[in-house]
Amino acid sequence: LAKTTQPISMDSYEGQEVNITCSHNNIATNDYITWYQQFPSQGPRFIIQGYKTKVTNEVASLFIPADRKSSTLSLPRVSLSDTAVYYCLVGSPIYNQGGKLIFGQGTELSVKP
Amino acid sequence: NAGVTQTPKFRVLKTGQSMTLLCAQDMNHEYMYWYRQDPGMGLRLIHYSVGEGTTAKGEVPDGYNVSRLKKQNFLLGLESAAPSQTSVYFCASKGTPHSTYEQYFGPGTRLTVT
């Protein structure tokens, strides 16, 4: 599983768009990029997963440039309830037996009123 | 659907005592996982299972044992608890599609070993 680097913390205000960038210089051809969200005292929750270009769902967008060495999670118009830790993970669920996840420290997002 | 449930939610043990944490899922998922999370850190994988009757070691398996006798249940055992095992324990499950890393997590068990 490729190593990832993301900011330890970020601050934002309600209504703003938040972009969290993750670096993964050693990403392999078969690797996907996955993001999880974790609220205090809760288990992580899957947000989004992508392989290349752009992926969008009802919660977030994931932008992946052509070289795939980084990715950006975009949260539109954040609210106080988006305050959480966001984890970027890179790996191949196809070739990784058991679909194991390796979590880093994540980015602690604090949304202020 | 209850999703993934964990029992108990909280527990305090004395050093040397044993206990079993129960994880149950009602989504008919093949894969199940046990993680621990220490303050300010990400989750670390303890053990996992790719199907009923199978188990495998994760990153930090020492001091723990697991069993998957039924597809819906995954048990984590501590034979002789140590203060270093004070942590929050999360269970997760995943369906069979190999193209996704989407795991479903339980609410966690907060364990304190004194």
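By convention in this document, chain letters (A, B, ...) are assigned in the order of the sequence lines, proteins followed by strands, and residues within each chain are numbered from 1. No hydrogens, no waters, no symmetry mates; every other heavy atom, side chains included, goes into these values.
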Asks: When you look at CD of B/Glu79, are more than 12 heavy atoms from neighbouring residues, nucleotides or ligands closer to it than 6.0 Å?
Replies: no
Asks: Under 4.5 Å from any heavy atom of chain A, what part of B/Leu45 do you find: side chain, backbone, both or neither?
Replies: side chain
Asks: Is chain B contacted by the side chain of A/Gln49, its backbone, both, or neither, given a heavy-atom distance below 4.5 Å?
Replies: side chain
Asks: Out of B/Gln37, B/Arg110, B/Met41, return the one with the most heavy atom pairs under 4.5 angstrom to chain A.
Replies: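 Ranked by contacts with chain A, first place is B/Gln37.
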Asks: Side chain, backbone, both or neither: which part of A/Glu108 has an atom under 4.5 Å from a heavy atom of chain B?
Replies: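 No part of it gets close to chain B.
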Asks: What part of A/Tyr36 gets within 4.5 angstrom of chain B, counting heavy atoms only: side chain, backbone, both, or neither?
Replies: side chain
Asks: Quick one: are the ring centres of B/His29 and B/Tyr104 less than 6.0 Å apart?
Replies: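 When the ring centroids of B/His29 and B/Tyr104 are compared, they turn out to be within the sub-6.0 Å range.
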Asks: Could you tell me which portion of B/Gln6 (side chain, backbone, both or neither) has an atom closer than 4.5 angstrom to a non-hydrogen atom of chain A?
Replies: neither
Asks: Do A/Ser23 and A/Ser70 get their side chains close enough for a donor-acceptor pair, meaning under 3.5 Å?
Replies: no
Asks: So with a 6.0 Å cut-off around CD of B/Gln85, is the heavy-atom count from everything else above 12?
Replies: yes
Asks: Are A/Ile64 and A/Tyr86 grouped together when hydrophobic residues (ILVMFWY) are joined by side-chain heavy atoms under 4.5 angstrom apart?
Replies: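 Yes, A/Ile64 connects to A/Tyr86 through the hydrophobic network.
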